[in-house]
Amino acid sequence: MNSVIRSAARCLRASAWQYRPAQNNGELLSGRARLMCSSSAVLKTLEEIVKKDKVVVFMKGTPAQPMCGFSNAVVQILRMHGVDGYASYNVLDDQDIRQGIKTLSNWPTIPQVFFNGEFVGGCDILLQMHQSGDLVEELQKLGIRSALLDQEKESK
Amino acid sequence: MLCSALRRLRPSTCILASTRHLTHMGPVETTIRTKLAQALKPEHLEVMNESHMHAVPAGSESHFRVLVVSPQFEGLSLLQRHRLVNEALREELSTCVHALAIQAKTPQQWSSNPSLAKSPPCLGGSKHDNTMTEKLKAGRD
């Protein structure tokens, strides 16, 4: 059990499957250790991951190269609002993560968006929040000022 | 002639409303319609098989878009509404259905804005997805 937890912690530190838009080469960090752990360890790791950053996205592909239209839509919406410092995880690289996040959020599909550790929804919900203006408010609660507010200001 | 006659029916005959799919409705689509109708008693229901828009073989039933208009959504957040839809289709989503786009509206929201959302263009993700073979097989079995 200890080796399982150590492995989980190693993966968390290695961020084997994580992509951060701030990275220079835009490539996934190389997978040093796949997360070959029990499902409870995976869930625990994911619980920590979703709380580590204000905005966390589980998607197919990366923000630089999305591999799915729905994941791409999430990336585009966040980009439109000027949200660039978010953490993104490519589920195609790790089936444990892919299944684990669906279990954690009790949500069957990818992409999945988390704000401050709380599951927000997938592409449809994010799109509707964007269209209704709710996304600007929710980002504000995270201390993120949407770029759309500045655009509105410029046009007035 | 059948389609124009059915178009004249009231919106409460929601299952029959989308007649254009009747002749081409596969078993998964039929199940989705039935389960959503039973669970959510919608006033309007659209179920679209969008598999042809994705990198899967012709005739697949793996990617769907649903529009559900139901009074059961009153007072519920978007997340709560979508969860109800997911719950109704739990079995399909854990087997053959790979993607499900959802619009969940109250009757008032639908009447003030009766528009169907469109799915974004596919970026070929299914081609790189090694779980797709299993899902497509589950849809055929």
Side-chain angles (χ1 to χ4, degrees), chain A residues 28 58-80 90-115 118-135 137-138, chain B residues 32 48 50-51 53-56 62-68 73 76-106 109 112-113 115-132 134-135:
Chain A
L28 281 169
F58 292 83
M59 61 179 287
K60 293 181 181 177
T62 65
Q65 200 172 7
M67 302 286 276
C68 154
F70 299 108
S71 291
N72 182 43
V74 166
V75 168
Q76 297 303 325
I77 291 169
L78 291 176
R79 184 170 295 152
M80 222 182 284
N90 182 0
V91 303
L92 294 178
D93 272 357
D94 193 317
Q95 289 300 318
D96 289 334
I97 295 305
R98 185 175 181 174
Q99 190 45 56
I101 198 62
K102 289 177 185 177
T103 303
L104 181 68
S105 56
N106 189 24
W107 190 263
T109 51
I110 300 293
Q112 296 192 12
V113 180
F114 288 77
F115 286 172
E118 201 177 307
F119 178 60
V120 171
C123 164
D124 296 325
I125 289 179
L126 201 73
L127 178 61
Q128 287 178 70
M129 286 172 67
H130 162 68
Q131 290 168 336
S132 68
D134 287 346
L135 184 54
E137 274 184 43
E138 291 303 314
Chain B
I32 290 174
M48 284 141 288
E50 295 193 328
S51 308
M53 293 163 56
H54 295 271
V56 291
S62 52
H63 296 65
F64 285 89
R65 167 170 288 282
V66 299
L67 163 71
V68 188
F73 293 143
L76 298 186
S77 67
L78 286 179
L79 189 57
Q80 288 168 324
R81 296 178 189 191
H82 287 220
R83 285 200 187 281
L84 285 180
V85 174
N86 286 341
E87 192 52 41
L89 301 177
R90 181 174 277 273
E91 195 183 325
E92 287 66 36
L93 284 162
S94 63
T95 52
C96 51
V97 174
H98 174 74
L100 182 69
I102 301 171
Q103 268 181 286
K105 299 194 173 199
T106 62
Q109 287 172 330
S112 62
N113 183 17
S115 65
L116 212 55
K118 282 195 178 134
S119 288
C122 173
L123 294 182
S126 296
K127 278 195 293 228
H128 307 275
D129 187 344
N130 56 17
T131 67
M132 277 312 293
E134 230 174 88
K135 288 198 176 114

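Per chain, numbering begins at 1; letters A, B, ... match sequence-line order.
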Tell me, out of B:R83, B:E87, B:R90, who's got the most heavy-atom pairs with chain A below 4.5 Å.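 Heavy-atom pairs under 4.5 Å are most numerous for B:R83.
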Can you find a heavy atom in the side chain of A:D124 that is under 4.5 Å from one in the side chain of B:R65? yes
Nearest 0.5 angstrom please: A:Q128 CD to B:R81 CZ, how far?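 Spacing of CD (A:Q128) from CZ (B:R81) equals 8.5 Å.
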Which atoms of A:N106 come close to chain B, meaning under 4.5 Å heavy atom to heavy atom: side chain ones, backbone ones, both, or neither? both
Taking every heavy-atom pair that is under 4.5 Å apart, which of A:G121, A:C123, A:P108 has the most such pairs with chain B? A:P108
If you count heavy-atom pairs under 4.5 Å between each of B:S119, B:P120, B:A99 and chain A, which one has the most?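 Top option by heavy-atom pairs under 4.5 Å: B:P120.
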Counting only heavy atoms not in A:E118, do more than 12 sit closer than 6.0 Å to its CD atom?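 No, CD of A:E118 has 12 or fewer neighbouring heavy atoms, counting only those of other groups under 6.0 Å.
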Under 6.0 Å from the CD atom of B:E91, do we count more than 12 heavy atoms belonging to anything else shown?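 No, because the 6.0 Å sphere around CD of B:E91 holds 12 heavy atoms or fewer from other groups.
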Toward chain B, the part of A:V120 with a non-hydrogen atom under 4.5 Å: backbone
Is the number of heavy atoms from other residues, nucleotides or ligands under 6.0 Å of B:Q80 CD greater than 12? yes
CG (B:L100) and OG1 (A:T109) are apart, to the nearest 0.5 Å, by 7.0 Å
